[in-house]
Amino acid sequence: MAQGATGKKARPLSPHLSIWRWGPAMFTSIMHRVSGNGLAVVGLGALLCWLGTLAAGPEAYAKYAAFAVSPLGRIVFVGISWAYFNHLCSGLRHLLMDIGGGFEVKTNNMWSILTHVFGVLLTVAFWAILLLR
Amino acid sequence: MGNGTSIGRVRGLGSAHSGAHHWIVQRVSAIGNLVLTAWFAVSLLLMPNFNYITVHDWIVSPVSAVALSLLIISVFWHVRLGMQVLIEDYLHEAGTKFVALAALNLVVFGAAFYGVFTIARLALGAA
Ligand code: HEM
Ligand code: HEM
């Protein structure tokens, strides 16, 4: 694989699996994957269950609704909403970079961090409106 | 084409002639998700409560039923593409990869159909 020292001078190595350090972009990339796949499994599961119990009738739906406001249910739904808003923000960052924006290191780091800030702010705003309406 | 190193085995083969389409559909479905999930989030906030009657009356209106069905299709399409990349990144053995991708396709298709079917059932008055 990557052999740096076969010639006289050490040649530059391609990015190597064991040589890396944390950066905002790396964290954002990992979180985009985690939130997207988490939403796919838990979020879509909960959405289908909502539709399923709704179609099954008032008694089944009431059980689902009771779970949703239980402590565990709250954790599940706050988690889903946070994953959603986080994925939404990092997804928009993806689309921005797809059209060539935000590749300068400073700008890139800034948007990576803001992605997570906006993700949390939107989650807080969503629950504030929901619970205080 | 050489057969020694891994780079030697793929040199000169040219492009796979697929992949760009996957990438573009992931973006198109992302925009669909953006619009439809934003509509859904706002709709949830606009509901006075989440009682059976309230939610049922909301979901059976043609606009909600159609938009929610489109949401199911767009999101599951997006997820089908996204999870394919996840599988391809971590499963390298041809057999397990094939089984995982086949299972993904079946589950996504079945789940999406379940979602659209329940909405149709509600909207057409059978539940
Ligand atoms: C994260 C995913 C899910 C969660 C948190 C969840 C949660 C729940 C809860 C709390 C109940 C009420 C159980 C009881 O007290 O009897 C329920 C019932 C039900 N779930 Fe799920 N569920 C999930 C996924 C699914 C999926 C994927 C489907 C269908 C494809 C589904 C279909 C149903 C149905 C039809 C019922 C009604 C059962 C009855 O008639 O009482 N659920 N679910
Ligand atoms: C709200 C609007 C959304 C936007 C703008 C968006 C955007 C994106 C983009 C651009 C990608 C491609 C990333 C890449 O090429 O590396 C992606 C990946 C993905 N998205 Fe979304 N998405 C949205 C909603 C959703 C939803 C609702 C789900 C699931 C229920 C989801 C699940 C996924 C998954 C599983 C991936 C693959 C991640 C990976 O493993 O690399 N997305 N999203």
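So that the names make sense, note that chain A is the first sequence line, chain B the second, and so on, each numbered from 1.
- Using a 4.5 Å cut-off between heavy atoms, A:His87 touches chain B through its side chain atoms alone.
- Side-chain atoms of B:Thr118 come within 3.5 Å of backbone N or O of B:Tyr114 as a donor-acceptor pair.
- Residues A:Phe85 and A:Phe126 place their aromatic rings such that the two centres sit under 6.0 Å apart.
- Heavy-atom distances place no part of B:Val108 under 4.5 Å from chain A, backbone and side chain included.
- For A:Tyr61 and B:His56, the ring centers are positioned 6.0 Å apart or more.
- Looking only at heavy-atom pairs under 4.5 Å with chain B, the residue among A:Leu95, A:Leu92, A:Asp98, A:Val69 that has the most is A:Asp98.
- With a threshold of 4.5 angstrom between heavy atoms, A:Leu130 approaches chain B through its backbone and through its side chain.
- Neither side chain, A:Ser35 nor A:Asn86, offers a donor N or O lying under 3.5 Å from an acceptor on the other.
- Contacts of A:Leu51 with chain B are made by both backbone and side-chain atoms, with heavy-atom separations under 4.5 Å.
- For chain A, the nearby part of B:Leu122 is the side chain; its heavy atoms alone come within less than 4.5 Å.
- In terms of heavy-atom pairs under 4.5 Å with chain A, the best-connected choice from B:Val55, B:Leu34, B:Ile31 is B:Val55.
- Only the backbone of B:Asn51 comes within less than 4.5 Å of a heavy atom in chain A; its side chain stays farther off.
- A:Phe118 and A:Val124 are not part of a single hydrophobic cluster, where members link through side-chain heavy atoms under 4.5 Å apart.
- When atom types are taken as modelled, the side chain of B:Arg27 and the backbone of B:His22 share no donor-acceptor pair closer than 3.5 angstrom.
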### Residue pair A:Thr115, A:Ser112: steps toward the side-chain hydrogen bond (donor to acceptor under 3.5 Å, both in side chains) verdict
CA-CA 5 Å; A:Thr115 285; A:Ser112 293; over 6 Å; no
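- B:Leu86 touches chain A through backbone and side chain together, each having a heavy atom under 4.5 Å away.
- When B:Trp23, B:Tyr52, B:Phe117, B:Phe50 are compared by the number of non-hydrogen pairs under 4.5 Å with chain A, B:Tyr52 comes out ahead.
- Heavy-atom distances place no part of B:Ile53 under 4.5 Å from chain A, backbone and side chain included.
- In this structure, the side chain of A:Asn108 engages the main chain of A:Gly102 through a donor-acceptor pair within 3.5 Å.
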